[in-house]
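Structure first, then comments.
Here is how names work: the chains are called A, B, and so on, in the same order as the sequence lines, proteins then strands, and each is numbered from 1. Computed from a predicted structure; not experimentally measured.
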Number of protein chains: 2
Amino acid sequence: MASQSRTPYTILGCLTLQPMSGYDVKQFLERTLVHFWSESPGQIYPTLRRLEEQGLAEGSAEPGQRGKEKRVYRITDAGRETLQAWLRKPAEPSQPRYEHTLKLFFGHSVGREASLAHVERLRRRTEADLAHYREHERELAEQAAKEPDSPAPYWLVVLRGGIQYSAMALEWCDETEATLRALPTQSADRRPGRASQSDREDEE
Amino acid sequence: MASQSRTPYTILGCLTLQPMSGYDVKQFLERTLVHFWSESPGQIYPTLRRLEEQGLAEGSAEPGQRGKEKRVYRITDAGRETLQAWLRKPAEPSQPRYEHTLKLFFGHSVGREASLAHVERLRRRTEADLAHYREHERELAEQAAKEPDSPAPYWLVVLRGGIQYSAMALEWCDETEATLRALPTQSADRRPGRASQSDREDEE
DNA sequence: ATTGCCATGTAAGGGGTTACATGATTAT
DNA sequence: ATAATCATGTAACCCCTTACATGGCAAT
């Protein structure tokens, strides 16, 4: 451990749900956490090995559904302790880097039309995400109501976060579109290769 | 170029505002884009060198205010073209990884109290961010109104995004807190080292 | 026959951060 | 004196993704 990679904890978290192979972990993350967290195979398989070496998980060979046999890991008591200790520690603040934010920030260099295009693309993506989240919301809410001690409520609050984020983003798209449309068109004249007036002077 | 690193474009974007040294770029990013984008010195200085090699920026030695002399770079026409071409291309969708989301997702392993603590910490951080954004909002709005062809409107829409994100996050904190408080306390009994009932069977 | 899915893994490389080395100048 | 700021840079390292290699089984 001792590293600040969150992959081992993510995997341990998956293993608390049920014993899983690397493939199972990958599938589970892709189906439930995609938009909130993801891990690549190049991380998952080596990490599972390491978890076993450290006694945090135990692997056993089991026949796969088709193809090769599966190597199924189950979490150990030590693994549960390690996971819980990490889960209790404050989360590191994360500063995400949204490329569309960066492109908009420097939008003055290309003018409103190009910037509006970014907003529209973001809107379409966000609408698709939102529709996707809404589908899952009902399922999870039912599961949370039925099973008394299931992890569903925790998954639901995360999903609600995604829904609220998307709704916020769509409102921001509306507002931004209006703001940009209200701008004078002159900055749209900054065609590629043409320096802006204020920068020309001692150039060339 | 040819890479998918966004550092060179970030720097070129800064250089469209005025000629800057590596230190200036670092300062500017820290003061205006911190929460939306950041670059480390280990990226900035080598990238500036590469930009010069590629003819996208031109460096010249100028006396610094104190200490060593500054190496000030100014963007070239080729640099402006390269930046604009990139700015016009659609942004890559980004899937950010929020550690607090991950810790909440697996909150069932530690119970409501530990999860509520994460929510409270996030709330405090978000409130601080929001206050910070609000300060800048006024300045930027004034600047956008005064100067006719300034980049301020573009910076403002990004800042508005931060404000709306923070407001949304605070609402989410309220909702999540309520949801978690409504949960039965039993899952809080999953103390470190104690396996949950459903997982015990063939263990130890 | 061949595509597609199940399943495990590795190698290479890229992007990025942290930490350090260096050093001059100004303010306390 | 010493701390802080200005200023540039590098080396090490880590995390992570991409792409590939392997291969068996099931369905079309």
Side-chain angles (χ1 to χ4, degrees), chain A residues 1-11 14 19-31 33-34 37-53 57 59-73 86 92-99 102, chain B residues 1-11 14 19-31 33-34 37-53 57 59-73 86 92-99 102:
Chain A
M1 212 76 345
S3 83
Q4 50 242 37
S5 169
R6 281 125 329 163
T7 306
Y9 305 110
T10 307
I11 292 177
C14 292
M20 288 189 191
S21 68
Y23 194 78
D24 295 333
V25 169
K26 213 175 118 235
Q27 295 286 306
F28 175 77
L29 291 179
E30 258 164 36
R31 276 175 201 152
L33 262 173
V34 226
W37 200 269
S38 64
E39 297 287 348
S40 56
Q43 288 278 95
I44 294 174
Y45 289 105
T47 301
L48 275 168
R49 273 285 156 88
R50 243 178 298 130
L51 288 177
E52 187 167 27
E53 281 168 23
S60 61
E62 284 181 33
Q65 288 182 274
R66 340 187 215 291
K68 285 189 197 166
E69 61 176 11
K70 293 176 91 162
R71 181 149 186 84
V72 175
Y73 295 84
W86 181 77
E92 292 293 315
S94 46
Q95 38 191 21
R97 302 165 111 211
Y98 291 96
E99 195 174 296
L102 185 61
Chain B
M1 213 78 342
S3 83
Q4 49 242 38
S5 169
R6 282 126 326 166
T7 306
Y9 305 111
T10 306
I11 293 177
C14 293
M20 287 187 192
S21 68
Y23 194 77
D24 295 334
V25 169
K26 212 176 119 236
Q27 294 286 307
F28 175 77
L29 291 177
E30 257 164 36
R31 276 176 200 150
L33 263 173
V34 226
W37 200 269
S38 65
E39 297 288 348
S40 57
Q43 288 277 93
I44 294 174
Y45 288 105
T47 302
L48 275 168
R49 273 285 156 85
R50 244 177 296 132
L51 288 176
E52 187 168 26
E53 281 168 23
S60 62
E62 283 182 32
Q65 289 182 274
R66 340 187 216 293
K68 285 188 198 167
E69 60 175 12
K70 292 177 91 161
R71 183 151 185 83
V72 174
Y73 295 84
W86 181 77
E92 293 292 316
S94 46
Q95 39 192 20
R97 303 165 110 208
Y98 290 97
E99 195 175 295
L102 186 60

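Contact check for Gln4(A) versus Glu99(B): no side-chain heavy atoms found under the 4.5 Å cut-off. Looking at heavy atoms from C-beta onward, Arg6(B) lies in side-chain contact with Arg97(A) at the 4.5 angstrom threshold.
Of all heavy-atom pairs between Tyr98(A) and Ser94(B), the closest is CD2-OG, 3.2 Å.
For Pro46(B), whose side chain is taken as the heavy atoms from C-beta onward, the closest listed nucleotide among dA7(D), dT18(D), dT10(D) is dT10(D). Comparing atom distances between the Gln43(B) side chain and each of dA7(C), dG15(C), dT8(D) picks out dG15(C) as nearest.
In this structure, the NZ atom of Lys26(A) is 11 Å from the P atom of dA7(C), given to the nearest Å. One can place CD of Glu69(A) at 9 Å from P of dT8(C), the figure rounded to the nearest angstrom. If you take CD of Glu92(B) and P of dT18(D), they are 10 Å apart, rounded to a whole angstrom. The interatomic distance linking Leu48(A) (CG) with dT10(C) (P) rounds to 12 Å, in whole Å. Rounded to an integer number of Å, the gap from CD of Glu52(A) to C1' of dG9(C) is 15 Å. At whole-Å resolution of the value, CG in Leu102(A) and C1' in dG16(C) are 15 Å apart. Here the C1' atom of nucleotide dG9(D) and the CD1 atom of Ile44(B) are 12 Å apart, to the nearest Å. Summarising the geometry, the separation between OH on Tyr45(A) and P on dC16(D) is reported as 18 Å, rounded to the nearest angstrom.
Of the possible polar contacts, one joining the Glu52(B) side chain to the Gly59(B) backbone as a donor-acceptor pair under 3.5 Å is found.
The phosphate of dT18(C) has neither OP1 nor OP2 within less than 4.0 Å of any side-chain N or O from Ser40(B). Of the side-chain N and O atoms in Thr7(A), one or more sit less than 4.0 angstrom from OP1 or OP2 of dC16(D). Residue Arg49(B) places none of its side-chain N or O atoms closer than 4.0 Å to OP1 or OP2 of dT8(D). Using a 4.0 Å cut-off, no side-chain N or O of Tyr23(A) falls inside it from OP1 or OP2 of dT8(C). Between Arg97(B) and dC16(D) there is a side-chain N or O to OP1 or OP2 distance below 4.0 Å. One finds no side-chain N or O of Arg71(A) lying less than 4.0 angstrom from the OP1 or OP2 phosphate oxygen of dG9(C). Of the side-chain N and O atoms in Ser5(A), one or more sit less than 4.0 angstrom from OP1 or OP2 of dC16(D).
With DNA chain D read from its 5' end, the first of the two nearest nucleotides for Gln27(B) and Gln95(B) is the one closest to Gln27(B). Nearest-nucleotide positions on DNA chain D for Asp24(B) and Trp37(A) put Asp24(B) closer to the 5' end.
Geometric assessment of Arg71(A) against the ring of Tyr73(A) yields a positive cation-pi assignment under the 6.0 Å and 45° thresholds.
Among the protein residues, Gly42(A) comes within range of the nucleic acid bases, having at least one heavy atom under 4.0 Å from a base atom.
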